[in-house]
Structure formats: structure tokens, C-alpha cells
**Student:** 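Before I ask anything, let me first share the structure, which is written out below as C-alpha cells.
Letters A, B, ... mirror the listed sequences (proteins, then strands); counts begin at 1. These numbers come from the heavy atoms of this one structure, side chains and all, not from hydrogens, waters or symmetry mates.
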There are 2 protein chains.
Amino acid sequence: MNEHPLIARRSLATELTGRLRDMIVEGTLKAGDKISEPDLCDLFGVSRTPLREALKVLAAEGLVDLTPNRGGRVARIAPEAVEELFPIMGVLEALAGELACARLDADDLARLEAMHAEMVGHWRRGEWVPYSGLNRRIHEEIFRIAGNATLAGLYQNLMVRIHAVRFVARKTPERWTEAIEDHERMMAALRARDGAALSGLMREHLRHKADVVHEALRQLGAPEQG
Amino acid sequence: MNEHPLIARRSLATELTGRLRDMIVEGTLKAGDKISEPDLCDLFGVSRTPLREALKVLAAEGLVDLTPNRGGRVARIAPEAVEELFPIMGVLEALAGELACARLDADDLARLEAMHAEMVGHWRRGEWVPYSGLNRRIHEEIFRIAGNATLAGLYQNLMVRIHAVRFVARKTPERWTEAIEDHERMMAALRARDGAALSGLMREHLRHKADVVHEALRQLGAPEQG
DNA sequence: AGAATGAATAATGAATGCAAAATTCAAGTC
DNA sequence: GACTTGAATTTTGCATTCATTATTCATTCT
């Protein structure tokens, strides 16, 4: 019955939370940047009240560091934090794979096969950007199939926290091939509806991803102060 | 050098976030309760600005539902949400067990043995409250030994979300025995430093816990409106 | 009487104002 | 010349104020 999708009114604070999160994830606001309330108020044409509410939320999400009486900075991702995050994301992906296997239907599999094939194509042609996009979408699709919104949300939140490493984590050709092989094996497990296998593979896949990021971060050294 | 533990000044908003979270977890604010900003301002003697910042954070944590222009309510835990949360908590506990096994030293094991023995004592004497406390502390100790602060924080957050079920989830004697048996097996795995085994056991333990809660929730029916 | 309408009241969303704290920067000291 | 000291400025934290939206309640109409 409810065809009319009830008018979504958002508060300024909610709107700002989303906008700022995007700016951080997309790199408009870089890790370590000072967050100037007056400047952002000017930028968005709002007062400090809703802006501060948004910052508090982002701080709770771990995207912003707020120090009392000293204002905020975009959270800087420390190598240690990456080392802590990836094992967690590994088990969450593993769980998603397990659940997805149990609920997978023919349509789901067909869609994943298509996305996978397209992604492999991009890999063959060395097209990094579309490859990355498809890769992300495949993982999102698995979470969708898993049918656990809380799990998906949690994963999304952790994913956002490591936004900063997106830019450093350019794969070497060997690592890229490794990732493709991981995905091939994952597809095989999906076709076989082998939840335990997929679970293990996804965890391993994340472990590889962690290695890539970790190498990149170590290579950069520890950029302590911006 | 930094022996002096730098003076912790907290903002009112931060303070309020903690207080309100406690009130929700402890049941002073019950699931479904309307949150009146004026009343809470009176109660704490603060203005609405920091209170609203705190509410926004709690909303982000999933403890409070905020509806634009209509104020907030303490989040009500739906059986479906429990069904979504427990598998997640299961894999997080499993990971904690695995990590803890790898880092466990003699002191850690001794401490866990002592806590376990004390908990079993409470079980034998049917002392539910101290049993529960010790049970919680054992799980916390495993997370501490695991040495992954992000993991511990995440688990804590999920734990808080299911605050409401704490009160409904009184175990039957059979379930209680089952829980003790789970813990016995977990201790055995710890002594053997068998991370894989502990991991599996902890996940199963959480599955049992989920069963208990789920039975209780279904029994209560779905209290839709407060 | 029961539903519907509209005024009165209360709550929320956001801007402004103000005091306290931090930062900046210039002057002074060693 | 580098380090300290302290005033001027900026920024932050919080209270207050104002506008908008909900809610309540009395009144009217069927």
C-alpha cells in the first residue's frame, strides 16, 4: 500500500554528517587536516550547532579525532590500527560469505558471475579504476546476499575508517594476480555452495589485502605530523 | 616519561553520552521510552546543546532512535536485530579467542583458571548474579589478552546494543549447564593453546547464548508499542 | 455522540551570544 | 639569537533565543 515513499526530511546535522563523511572518504578532507568549524560553517552556510553535532557523530565513528577545547582533526590511520582492523574485517567477510552461500539463489549467482567476468576483463586490460569499482561492488553484493543489514553496516563503517589507505594501496602485478586468483576460488566455492570454503577463502583474501596495505604503509614510513 | 596521566577534561556532551548510555544499559531508561530533552536537561542541569550532541552520538551507536522533528526514543531491540547481531558477535568472539590463544602467557592462563573456578563455584551454588558478573569478566579478559583494542571496542558496542535482552535472558538449568560445559571446553582449548579449537568453541558458545535470548524474546512476543 | 477543524501549548531544529580556553604573536630577558 | 612572558586574537563549549513543526485540547459540524 505505502507506495508513496514518505517524504524524507533530514536535519541539517544529518545532512552535514553525510557530506563531511564523503569529504573525508573522498579525500577532500585529508587525514590529519585540522577541522575549522568557522570555515566549514561558511562552506555549508550553516551555524556551528548542527555542524558540531555532525562532528560528534563522525568522532564516534572514528573518522574524526576531537580533543576538548582544541577542536578536531581528520583521523589519521596508524599502521597499528590497520593491523587491528583487518583481522576484524576478515572474519566479518568470512561470515558474510558463509551466510551468502546459504542464501544464494540462481539469480544471485548469475549476477556475481557476470560481475566477476567483467572484473577479470578489466584486470586483463590493466584497467585499475574500473577493476577496483567492480571489486568493491562484488564484495557489497555478497554482503547484500548474506541478508544481514547489521553486518553490512558494520563492515561499511570499518571500510570507511581505512579510507586513507585506498590511495596508498596500489597493488603490484603479483598482488593483483593473487587477488584475481582469490576471486576465482571464491567463485568456485559459491558455485559449489560451500559456505565453509568460501568463508575461509574470504578471510584469506582479506589477509592478502591487509598485506598489501601494510606493505604500502610501512613503505611510506610513519608520516607523523601533517 | 609521561608518568603524569594527563588531566582528563571531558566535555559535557561526552559526559552526558556516557551517563545516558549507562542509564539505557542499566534500564533506568527503558527500551521504547520517549526521550524528553527538557526533562533530561533538568535532570542533569545542562542546556539542550550538549544533550543533543550526546543524543546524536547515541543514535549513531544504535541505542537511540531519533525521528526528525519528533524527538527520540530509546531503541527497542527487535528479535530480528538479535538474530543479526549474534552471528556477528559469534565471529568476533571467535577471533578474540584465536588471537588470545596466540598471545596467552602463563599469568593470563592462571588468571583465567582462577576466574573460571570461581565461576563454576557460583554455578554449583546457584548464585546467578555473581556467576553472570564473572562470566562477563572472563569474556572481557579474553578480549584483553587478544590485544586488539578495536575488536574489544566493537564487541562492547554490540554488547551494549543488546542491553535489553539482559533482563529477559534468564537461563534454564539445562542451558546453564550447557554454558558451563562450553566454558570447560574453552578452558581446555586455552590450556592446549589450540586457537582453532577455541575459536570454534566460542562461536558455538555464542550460538547457544543466542538460542537462549531468542527463546526468551519469542516467549515474550513482540511488544510492538510501548 | 463522534469526527473534524483550528487555536493554544509544547517540543524540536538551528542561529546567535557569551565566557573560558587555546593559539598567535610581539616584546622582553638571559 | 633562542627562550620565556604576556597581551591580543581566535576558537571552542555551552547557554540562550528564535522560528518551525508536533501535539494537545477545546470547539464546531454532521
**Student:** Can A/Arg19 and A/Leu43 be said to form a side chain to side chain contact (heavy atoms under 4.5 Å, CB included), step by step?
**Tutor:** CA-CA 11 Å; A/Arg19 299 273 200 107; A/Leu43 179 62; over 6 Å; no
**Student:** Could you check whether B/Asp108 pairs with B/Arg111 (Lys NZ or Arg NE/NH1/NH2 to Asp/Glu carboxylate O, under 4.0 Å)?
**Tutor:**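 Counted as a salt bridge, because a side-chain N and a carboxylate O are separated by less than 4.0 Å.
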**Student:** What's the CD-C1' distance between A/Glu53 and D/dA15, to the nearest Å?
**Tutor:**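 Taking atom C1' of D/dA15 as the reference, CD of A/Glu53 is at 14 Å.
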**Student:** Can a salt bridge be assigned to the pair B/Arg144 and B/Glu141 using a cut-off of 4.0 Å between side-chain N and carboxylate O?
**Tutor:**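 Here B/Arg144 pairs with B/Glu141 in a salt bridge, since their nearest N and O are under 4.0 Å apart.
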**Student:** Rounded off to whole Å, could you give me the CG-to-C1' distance for the B/Leu51 and D/dG13 pair?
**Tutor:**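 So the two atoms are 15 Å apart, to the nearest Å.
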**Student:** Take the angle between the ring planes of B/His205 and B/His183 and call it parallel below 30°, perpendicular above 60°, tilted in between.
**Tutor:**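 Perpendicular: the ring planes of B/His205 and B/His183 meet at over 60°.
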**Student:** To the nearest Å, give me how far apart CZ (A/Arg52) and P (C/dG13) are.
**Tutor:**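 Spelled out: CZ on A/Arg52 to P on C/dG13 is 17 Å.
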**Student:** Please report, rounded to the nearest Å, how far the C1' atom of C/dT12 is from the CZ atom of B/Arg73.
**Tutor:**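 The answer, rounded to whole Å, is 15 Å.
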**Student:** Need to verify one output field. Residue with the more 5' nearest nucleotide on DNA chain C, B/Lys56 or A/Asn69?
**Tutor:**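 Final value for this comparison: B/Lys56.
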**Student:** Using the side-chain heavy atoms of B/Pro50, tell me which of these nucleotides is nearest: D/dA22, D/dA15, C/dA14.
**Tutor:**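 The answer is D/dA15.
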**Student:** Given D/dA15, D/dT12, C/dA14, identify the nucleotide with an atom nearest to the side chain of A/Lys34.
**Tutor:**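 Nearest listed nucleotide: D/dT12.
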**Student:** Tell me which residues in residues 37-49 of chain A lie within less than 4.0 Å of DNA chain D, going by non-hydrogen atoms.
**Tutor:**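 Going residue by residue through residues 37-49 of chain A, the ones with a heavy atom under 4.0 Å of DNA chain D turn out to be A/Glu37, A/Pro38, A/Arg48.
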**Student:** Just compare D/dT21, D/dC14, C/dA14 and give me whichever is closest to any side-chain atom of B/Leu12.
**Tutor:**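 Nearest nucleotide to the side chain: D/dC14.
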**Student:** If you look at every heavy atom in A/Arg73 and A/Gly32, which pair is closest and at what distance?
**Tutor:**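 The pair with the smallest heavy-atom distance is NH1-O, 2.7 Å.
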**Student:** Looking at residues at least two apart in the chain, or sitting in another chain, which of them share a salt bridge (Lys or Arg N to Asp or Glu O under 4.0 Å) with A/Asp65?
**Tutor:**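 Residues passing salt bridge (Lys or Arg N to Asp or Glu O under 4.0 Å) with A/Asp65: none at all.
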**Student:** Return the minimal non-hydrogen interatomic distance between A/Arg175 and A/Asp211, and the atom names on each side.
**Tutor:**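 Shortest heavy-atom contact: NH2-CB, 3.4 Å.
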**Student:** Return the value, rounded to whole Å, for the distance between atom CZ of B/Arg70 and atom P of C/dG13.
**Tutor:**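 After rounding, the gap between these two atoms is 12 Å.
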**Student:** In whole Å, I'd like the distance from the CZ atom of B/Arg10 to the C1' atom of C/dA21.
**Tutor:**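 After rounding, the gap between these two atoms is 19 Å.
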**Student:** Contact class for B/Ile35 vs. all strands (heavy atom < 4.0 Å): base, sugar-phosphate, or nothing?
**Tutor:**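 Touches sugar-phosphate only.
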